[in-house]
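Working notes, beginning with the structure itself.
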Amino acid sequence: MSDRDGKKPLGLGGGAGGRSGQVKQSFSHGRTHNVVVETKRKRVVTPKPSAAAATGLRANTPAAVASDPSKRPAGISEAEMERRLKALAAAKAREAEDIARRAAEEKAREEERERRRAEIEAKEREEREREEALRLKAEEDERRAREAELRAQRKAEVTAKPPERTSATTDRAAAEAAAARADKGTAPRRTPERARTEVERDKGKGRGGDTRREGKLSLTQALSGEGGRVRSLAAMKRKQEKARAKALGQSHRAEKQVRDVQLPETITVGELANRMAERSADVVKSLMKMGMMVTANQTIDADTAELVIDEFGHRAVRVSDADVEQVIDSVEDRDEDLRPRPPIVTIMGHVDHGKTSLLDRIRQANVVSGEAGGITQHIGAYQVRAESGALLTFLDTPGHAAFTSMRARGANVTDIVVLVVAADDAVMPQTVEAISHAKAAGVPMIVAINKIDKPTANPQKVRTDLLQHEVVVEAMSGDVQDVEVSAHTGQGVDQLLEAIALQAEILELRANPERAALGAVIEAKLDVGRGPVATVLVQNGTLKQGDIFVVGEQWGKVRALINDKGDRVSEAGPSTPVEVLGLNGTPEAGDVLNVVETEAQAREIASYRIQAAKDKRAAAGAATTLQELMAKAKADENVAELPVVVKADVQGSAEAIVQALEKVGNDEVRVRVLHYGVGAITESDVGLAEASSAPVIGFNVRANAPARASANQKGVEIRYYSIIYDLIDDIKAAASGLLSAEVRENFIGYAEIKEVFRVTGIGNVAGCLVTEGVARRSAGVRLLRDNVVIHEGTLKTLKRFKDEVKEVQSGQECGMAFENYDDIRKGDVIEIFEREEVERKL
């Protein structure tokens with residue numbers, strides 16, 4: 001087992017000897033390098049073995065030793081051998097990791113060098129482009145300077161030769177001749193003598209030869225860049241007319257044009273002058289004559305403006321701010337322009353009755369898997385083509401109690417309502433609410449009895465329960481269609497689509513696709529990459545890319561249209577749901593979209609609506625009388641408030657959350673929503689929450705990095721939710737903490753006064769007998785005389801014999817003294833009780 005020199009094999013430690021060395025061996029790419037042997041006394045470097053020696057060494061390698069126990073060195077146990085083999089394997093693994101790490105670092109350095117090289121090349125290219133632009137600009141400036149110098153030189157040459165004056169008689173005769181020729185419409189025959197006279201006269205005036213080409217631009221002048229700016233042909237004609245009128249002695253003055261000036265409630269002086277087509281200086285002069293020192297940018301009222309309009313001879317037409325919306329005129333569609341359109345079908349019903357699952361079965365999709373908690377919390381709009389080829393538009397509404405406004409909005413824009421009722425659950429509160437919305441909107445209903453594949457399904461019970469809400473289905477001799485379906489198995493889905501197509505055929509739905517688009521906002525959100533996005537259901541007309549529109553308090557220009565499948569389209573016809581990009585802000589869900597002609601009209605309408613909304617909010621929040629103001633302030637003092645800031649992913653969810661939170665509370669506590677909106681939580685939201693000591697609620701949104709840092713610094717709590725009822729439950733629990741605790745009294749005993757003693761320094765002390773329960777020093781007491789409470793307070797002392805005690809049991813005697821009360825008599829009864837505080841919940 002030993003080599004020639006009596007040493008242990010390479011890679012194996014010594015045996016029992018205490019001075020044995022430690023051998024280290026490195027392997028790289030299958031080649032054995034120099035072996036370093038370290039001992040306590042010296043460090044010996046063994047050279048790389050030759051080929052023959054390597055052959056002998058391979059016989060003593062760790063693998064050979066492990067496979068053949070007879071080759072194991074003497075004095076080394078099997079456990080020690082295994083430990084050393086593991087150490088050697090670990091060394092190999094570390095070396096492989098070092099090689100991989102070095103390769104990765106080299107690759108990263110190479111990528112960094114490539115990136116820096118690309119940046120340097122880009123900078124050099126930008127520098128070259130900048131130098132080229134500067135060179136071109138310098139050449140252009142030099143060319144313009146040369147042209148300006150030539151024009152100045154030419155002008156100086158012209159002014160250096162002033163025209164000679166001719167006699168007034170000659171000028172008058174020439175003007176009369178020109179007027180005569182203009183009146184006759186024909187020029188006199190030009191004789192050689194007359195032509196020679198005109199040339200000499202023109203030379204005498206300094207104009208030189210023929211003047212017919214004066215002021216006209218020739219091809220040579222245009223190509224050479226000479227000549228500069230010349231007067232227009234219209235200006236020359238006006239000059240000729242003035243000269244003719246002056247020659248004939250006529251004082252021609254243009255007739256003043258009377259205009260109809262639209263006059264709003266307030267108007268600036270400059271805008272008033274613009275509408276009258278008068279100079280602003282003249283309007284300001286007129287107002288100064290009235291005693292008003294104004295400028296062109298100041299605002300005046302309608303009465304003053306009307307006086308100015310009358311003074312200038314125009315007619316004032318009073319208009320109100322609401323007249324700006326008259327551009328959104330209701331076009332009366334002719335019968336020959338109407339075309340059939342797909343029906344708009346809204347799926348409504350109670351939560352977890354299978355509305356979205358049924359729509360998934362119709363669309364062959366899986367929407368419900370993407371909803372948090374398995375419940376729908378948004379309105380979804382989809383288009384489906386049935387097997388018969390009919391195109392149907394579906395709206396899926398949430399069934400949770402908080403989404404009442406969404407269901408009402410869905411019923412208002414729909415043609416047909418499909419009421420989904422679970423066969424194993426029957427009619428529930430949101431089912432009744434959906435029936436009410438459908439009846440209020442006046443749209444027909446189709447009852448879809450879902451989950452009939454379940455063993456506990458009872459469709460007949462559903463039909464019977466619907467009778468209580470005046471919904472009589474066809475199976476019970478009514479006029480409402482009912483279909484038994486299963487979203488899980490697909491049973492009855494074809495019959496449901498047939499029923500929808502039949503109802504749509506009865507309604508004869510038609511629209512005019514050639515008019516300006518009119519639609520309703522189903523949902524709106526603030527997308528990080530795309531900005532404000534609105535899901536719009538086009539109800540009439542055709543919405544095209546590039547259209548300018550106004551929707552609620554927002555306006556915009558259609559930058560892109562995206563259908564329910566995520567594809568970009570160029571236009572959307574009636575009954576088509578699309579996502580609209582290009583708004584200047586996020587509209588409210590339920591707003592109406594109208595297409596207008598110009599951007600100025602859209603801006604004006606949006607500004608008017610914003611101001612009207614501000615006035616309405618101010619009027620709603622203002623107290624009309626001093627008594628109301630004082631009553632409101634007093635009521636606010638007695639009510640504890642829990643302020644919150646709400647941010648949601650879409651406008652509909654934000655609206656539903658705010659409405660649900662406003663219902664939380666009672667006469668003692670309420671939830672106050674400081675601000676709500678859509679989009680990510682920003683620093684301004686955190687600042688508002690910090691100023692009001694309020695938490696920030698994020699529903700399906702997250703805070704950006706600056707907002708998170710600001711919240712950690714200011715100690716503002718940010719809570720994230722994806723399910724609405726979890727949010728409402730947490731807010732209820734937080735609001736319950738503001739309620740004052742309920743105090744309950746537990747009676748623990750009675751004591752009867754047997755005698756009254758006067759004690760110096762203490763006062764009257766009652767000698768009592770505890771007749772029932774127990775008397776405690778810490779408890780509250782009431783003094784009863786003839787079963788009437790005459791005092792309520794606490795004990796000053798409770799003694800048993802001469803000792804102060806904490807409590808006295810029933811049947812024992814004791815001494816009691818009241819705190820700040822001495823009117824006690826023999827025969828009075830002391831009622832002993834304890835107070836307990838109980839937390840209240842909303």
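Because the structure is predicted, anything quoted here is derived from the model rather than measured.
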Exercise. Under 4.0 Å between a Lys/Arg side-chain N and an Asp/Glu carboxylate O for Arg782 and Glu745?
Worked result: yes

Problem set entry | Evaluation steps, salt bridge (Lys or Arg N to Asp or Glu O under 4.0 Å), between Arg672 and Glu641 | CA-CA 6 Å; Arg672 182 184 175 196; Glu641 287 187 343; 3.7 Å; yes

Exercise. Hey, are Lys439 and Glu470 close enough for a salt bridge, meaning a charged N less than 4.0 Å from a carboxylate O?
Worked result: yes

For this session: Examine distances only and state if a side-chain atom of Arg776 and a backbone atom of Lys806 form a donor-acceptor pair shorter than 3.5 Å.
Result: no

Problem set entry | CA sep, side-chain torsions, deciding dist, call: Arg800, Asp803, side chain to side chain contact (heavy atoms under 4.5 Å, CB included) | CA-CA 5 Å; Arg800 173 91 172 129; Asp803 300 327; 5.6 Å; no

Problem set entry | Side-chain donor/acceptor of Thr771 to backbone N/O of Tyr750, under 3.5 Å | yes

Problem set entry | Least distance between heavy atoms, Gly585 atom then Pro532 atom | O-CB, 3.5 Å

Exercise. Under a 4.0 Å N-O cut-off, is there an ion pair linking Arg463 with Glu474?
Worked result: no

Exercise. Counting only heavy atoms not in Lys796, do more than 12 fall under 6.0 Å of its NZ?
Worked result: yes

For this session: Test Arg744 against Arg835 for side chain to side chain contact (heavy atoms under 4.5 Å, CB included), laying out the working first.
Result: CA-CA 6 Å; Arg744 296 180 182 175; Arg835 290 186 175 92; over 6 Å; no

Exercise. Side chain of Thr414, backbone of Ile416: donor and acceptor closer than 3.5 Å?
Worked result: yes

Problem set entry | Side chain to side chain, Phe833 and Ile748, heavy atoms closer than 4.5 Å | no

For this session: Taking the side chain as every heavy atom from C-beta outward, state whether Leu537 and Ile344 have any pair of such atoms under 4.5 Å apart.
Result: yes

Exercise. If you take all heavy atoms of Val462 and Ala423, which pair is closest and at what distance?
Worked result: CG2-CA, 4.0 Å

Problem set entry | Residue pair Gln812 / Leu769: nearest heavy atoms and the distance that separates them | O-CD1, 3.6 Å

Exercise. Do you know the tightest heavy-atom contact between Gly552 and Asp591?
Worked result: CA-OD2, 3.6 Å

Seminar exercise, completed: Scanning both residues in full, the closest heavy-atom pair of Ala534 with Val521 reads CB-CG1, 4.3 Å

For this session: Look at Lys461 together with Asp465 and state whether they make a salt bridge at an N to O cut-off of under 4.0 Å.
Result: yes

For this session: State whether Arg777 and Glu804 are salt-bridged, where the test is any N-O pair (Lys NZ or Arg NE/NH1/NH2 against Asp/Glu carboxylate O) under 4.0 Å.
Result: yes

Exercise. Do Gln554 and Thr586 have side-chain N/O donor and acceptor atoms under 3.5 Å apart?
Worked result: no

Problem set entry | Any donor-acceptor pair under 3.5 Å from Asp685 side chain to Thr682 backbone | yes

Problem set entry | From NZ (Lys355) to CZ (Phe394), nearest 0.5 Å | 15.0 Å

Exercise. Yes or no on side chain to side chain contact (heavy atoms under 4.5 Å, CB included) for Val447 and Leu466, after CA distance, side-chain angles and deciding distance?
Worked result: CA-CA 10 Å; Val447 178; Leu466 289 173; 3.8 Å; yes

For this session: Report yes if the side chains of Val493 and Leu358 come closer than 4.5 Å at any heavy-atom pair, otherwise no.
Result: yes

Exercise. Taking it one step at a time, do Arg825 and Glu752 satisfy salt bridge (Lys or Arg N to Asp or Glu O under 4.0 Å)?
Worked result: CA-CA 10 Å; Arg825 300 177 187 176; Glu752 183 179 354; over 6 Å; no

Exercise. Within the distance-only criterion (no hydrogens, no angle test), does the side chain of Lys647 pair as donor or acceptor with the backbone N or O of Ala654 below 3.5 angstrom?
Worked result: no

Exercise. If you count the non-hydrogen atoms of other residues, nucleotides and ligands that lie under 6.0 Å from NZ in Lys826, is the total more than 12?
Worked result: no

Problem set entry | Short N-O contact, Lys525 and Asp649, less than 4.0 angstrom | no

Exercise. Rounded to the nearest 0.5 Å, what separation is found between the OG1 atom of Thr346 and the CE atom of Met445?
Worked result: 12.5 Å

Seminar exercise, completed: Rounded to the nearest 0.5 angstrom, the OG1-CG distance for Thr431 and Leu419 is 6.0 Å

Problem set entry | Min side-chain heavy-atom separation Val686-Glu683 under 4.5 Å | no

Exercise. Hey, is the main chain of Gly763 close enough, under 3.5 Å, to the side chain of Asp822 for a donor-acceptor pair?
Worked result: no

Seminar exercise, completed: Heavy-atom closest pair (Ser692 atom, Pro643 atom, distance to 0.1 Å) is O-CG, 3.6 Å

Problem set entry | Verdict with supporting geometry, Val789 and Leu783, side chain to side chain contact (heavy atoms under 4.5 Å, CB included) | CA-CA 6 Å; Val789 178; Leu783 183 64; over 6 Å; no

Problem set entry | Where at least one partner belongs to residues 767-801, residue pairs that pass ring pair (Phe, Tyr, Trp, His ring centres under 6.0 Å), sequence neighbours excluded | His791-Phe818, His791-Tyr821

Exercise. If you measure only the distance, is there a donor-acceptor pair under 3.5 Å linking the side chains of Asp453 and Gln491?
Worked result: no

Exercise. Less than 4.5 Å apart, any side-chain heavy atom of Ile832 and any of Ile830?
Worked result: yes

For this session: Please indicate whether His675 has more than 12 foreign heavy atoms, meaning atoms of other residues, nucleotides or ligands, lying under 6.0 Å from its NE2.
Result: yes

Problem set entry | Interatomic distance, Ser357 atom OG to Asn450 atom CG [nearest 0.5 angstrom] | 7.5 Å

Exercise. Just wondering, do Val805 and Leu798 contact through their side chains at under 4.5 Å, heavy atoms?
Worked result: yes

For this session: For the pair Arg708 (side chain) and Ala703 (backbone), establish whether a donor and an acceptor sit closer than 3.5 Å, ignoring hydrogens and angles.
Result: yes

Exercise. Can you tell me if CG on Asp786 sees more than 12 non-hydrogen neighbours from other groups inside 6.0 Å?
Worked result: no

Exercise. Is Glu819 atom CD crowded by more than 12 heavy atoms from other residues, nucleotides or ligands, each under 6.0 Å away?
Worked result: yes

For this session: Mind checking the CE-NE2 spacing from Met428 to His350? Nearest 0.5 Å is all I need.
Result: 4.0 Å

Problem set entry | Rounded distance [0.5 Å steps], CD1 in Ile449 versus CG in Asp424 | 12.0 Å

For this session: Say whether, by atom type as modelled, one donor and one acceptor occur between the side chain of Ser710 and the main chain of Pro706 under 3.5 angstrom.
Result: no

Exercise. With side chains defined as the heavy atoms from C-beta onward, is the minimum distance between Val765 and Val756 less than 4.5 Å?
Worked result: no

For this session: Check whether any side-chain heavy atom of Ile657 sits under 4.5 Å from a side-chain heavy atom of Leu727, and report yes or no.
Result: yes

